[in-house]
**Q** 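One structure is given below, represented as structure tokens, and several questions about it will come after.
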Protein chains: 2
Amino acid sequence: MVNKDEIRESVLKVAQEIFTRFGFHKTTMDDIARGMGKGKSSIYYYFNSKEDIFRAVVEKELGDLRNKIISSVSEAKGPKEKLKAYVIERMQGLRNLVNLFNVLRTEFITQRDFTDQIRMKTDEEEINIVRSILDEGVLDRIFHLEDTFLTAVAIVTALKGMEVPLVVSQVNKESHLEMTLDRLLDVLFYGILKR
Amino acid sequence: MVNKDEIRESVLKVAQEIFTRFGFHKTTMDDIARGMGKGKSSIYYYFNSKEDIFRAVVEKELGDLRNKIISSVSEAKGPKEKLKAYVIERMQGLRNLVNLFNVLRTEFITQRDFTDQIRMKTDEEEINIVRSILDEGVLDRIFHLEDTFLTAVAIVTALKGMEVPLVVSQVNKESHLEMTLDRLLDVLFYGILKR
DNA sequence: TAATTTTGGACCGTTTTAGTCTAATAGTCG
DNA sequence: CGACTATTAGACTAAAACGGTCCAAAATTA
């Protein structure tokens, strides 16, 4: 037997592609099944519903992004580089997930609880990550700030504010992203770096 | 009254975007209507069926490509430049229409007559375009060939053969296209140019 | 072999779909 | 204005597609 979890994973991989491409409503369970080269009931053997799959996809992608951010941050040397790594990795990762989150936003409006839940959980995690970077920076006397928690909240909020233009305009996202990234880093470091 | 044909045109424009993005079956008439900011019955006032719209879209895009090729060819100076312009314009135009023709190929398999009809018509036109370029080249003693018609057929066929990798692999289409374009021109001119 | 996991395919109630119909509105022209 | 036509929205229908279930068969394991 091929491990059940592995098949679950590959279902999610297939589903993620199709959901990203076609959205929630235009994706059918038969599409996913066909993408797996299996019958529909096989899919229902691993998942309870279409919505379950979508939620699992979102959570998986979010988790993957989180892991990537954490590993990239931990590899960077020094708080300043770490903060930069966090911002870059977060923006890059988001760029890949724009479509998926667009689906979440536009087709799951009724499901406020799920969207909120996702947001709250990720917000808390992100704030913690940023805060620990800031703490390290303060300890090393590289960052100069009064309250690392509030600053972390501010940074994460600022980045979240950038999701909107990223999500809304998919046309010129690349140029927009490149332009704003340096400026964003400047702004962030301007208020934080000891001069 | 805004000209009826203009509205038809803008319906085709909207429909082309949605068909390109979602394919034939995943595009609903309500999608098109919503894209026009109108009710569904308004669309049926201008077209008889969903299939009609799709056919009109394909024919329009094909016609536009044809016009672009012709104008680009007529602007180029000399047979050699003309032939190059034809190849480039054709490949570029096709690159934009890959998805649409993918839809035509994968979702209209049953409608053999339509697909064949489209193909035959465009083939004939293309061969004529290329042939007239070749004729000019022979007249100018730049190209050296026995039979311009057969050569035109060969060139068009060769280009059609390149559609397949273009259509099949959408992932690395750009790099593939750039790489093959120069080589293709080399090959074409190798057999044709007087040395 | 027997027990268990996994699958295909028929099936069901519901929703969505392409397409129609009609009545209302907007626009035209004498 | 008033008669006429062009255009629209929205309710409607029959058919198809949909998410999801069921069960027997196949495959896997032991």
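None of the values given here were measured: they were computed from a predicted structure. Numbered from 1 within each chain, the chains take letters A, B, ... in sequence-line order.
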**Q** Identify, between H25(B) and K40(A), the residue whose nearest nucleotide on DNA chain D lies closer to the 5' end.
**A**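 That would be H25(B).
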**Q** Heavy-atom count around E124(B) CD within 6.0 Å, excluding the residue itself: above 12?
**A**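 Check fails, neighbour count at 12 or below.
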**Q** Report the distance from atom CD1 of I53(A) to atom P of dG20(D), rounded to the nearest whole Å.
**A** 9 Å
**Q** Of the candidate nucleotides dA18(C), dT8(D), dT7(C), which contains the atom at the shortest distance from the side chain of K38(A)?
**A** dT7(C)
**Q** Ignoring hydrogens and angles, are the base of dG9(C) and the side chain of S41(A) linked by a donor-acceptor pair under 3.5 Å?
**A**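 Flag set: donor-acceptor pair detected.
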**Q** Here's a test for you: under side-chain contact (heavy atoms from CB on, under 4.5 Å), which of I53(B), V14(B), N99(B) qualifies with F19(B)?
**A**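 Single pass found, and it is I53(B).
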**Q** Write down the distance between CD1 (I43(B)) and C1' (dT7(D)), rounded to a whole number of angstrom.
**A**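 Checked: the CD1 to C1' distance equals 12 Å.
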**Q** Can you tell me the distance, in whole Å, between the CD1 atom of I7(A) and the C1' atom of dT7(C)?
**A** 11 Å
**Q** Using heavy-atom distances to pick each residue's nearest nucleotide on DNA chain C, tell me which of G39(A) and K26(A) is more 5'.
**A**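 The answer here is G39(A).
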**Q** Do the side-chain N or O atoms of S49(B) get closer than 4.0 angstrom to the phosphate oxygens (OP1, OP2) of dA18(C)?
**A**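 S49(B) to dA18(C) OP1/OP2: no side-chain N or O under 4.0 Å.
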**Q** Name the closest nucleotide to the Y46(A) side chain, picking from dT7(C), dA18(C), dG19(D).
**A** dT7(C)
**Q** Given dG8(C), dT7(D), dT6(C), identify the nucleotide with an atom nearest to the side chain of Y45(B).
**A**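 The listed nucleotide nearest to Y45(B)'s side chain is dT7(D).
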**Q** Could you check whether the rings of F108(A) and F54(A) sit parallel, tilted or perpendicular, using 30° and 60° as the cut-offs?
**A**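 The arrangement is parallel - the two ring planes meet at less than 30°.
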**Q** For D52(B) and dA18(C), give me the distance from atom CG to atom C1', rounded to whole Å.
**A**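 These atoms are roughly 13 Å apart.
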**Q** Does the side chain of Y44(B) get closer than 4.0 angstrom to OP1 or OP2 of dT8(D) through an N or O atom?
**A** no
**Q** Just to verify, which of R90(A), Q92(A), E89(A) counts as forming a side chain to side chain donor-acceptor pair (under 3.5 Å) with S72(A)?
**A**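 Answer after filtering R90(A), Q92(A), E89(A): E89(A).
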**Q** Please report the distance, rounded to the nearest Å, between NZ in K4(B) and C1' in dT5(D).
**A** 11 Å
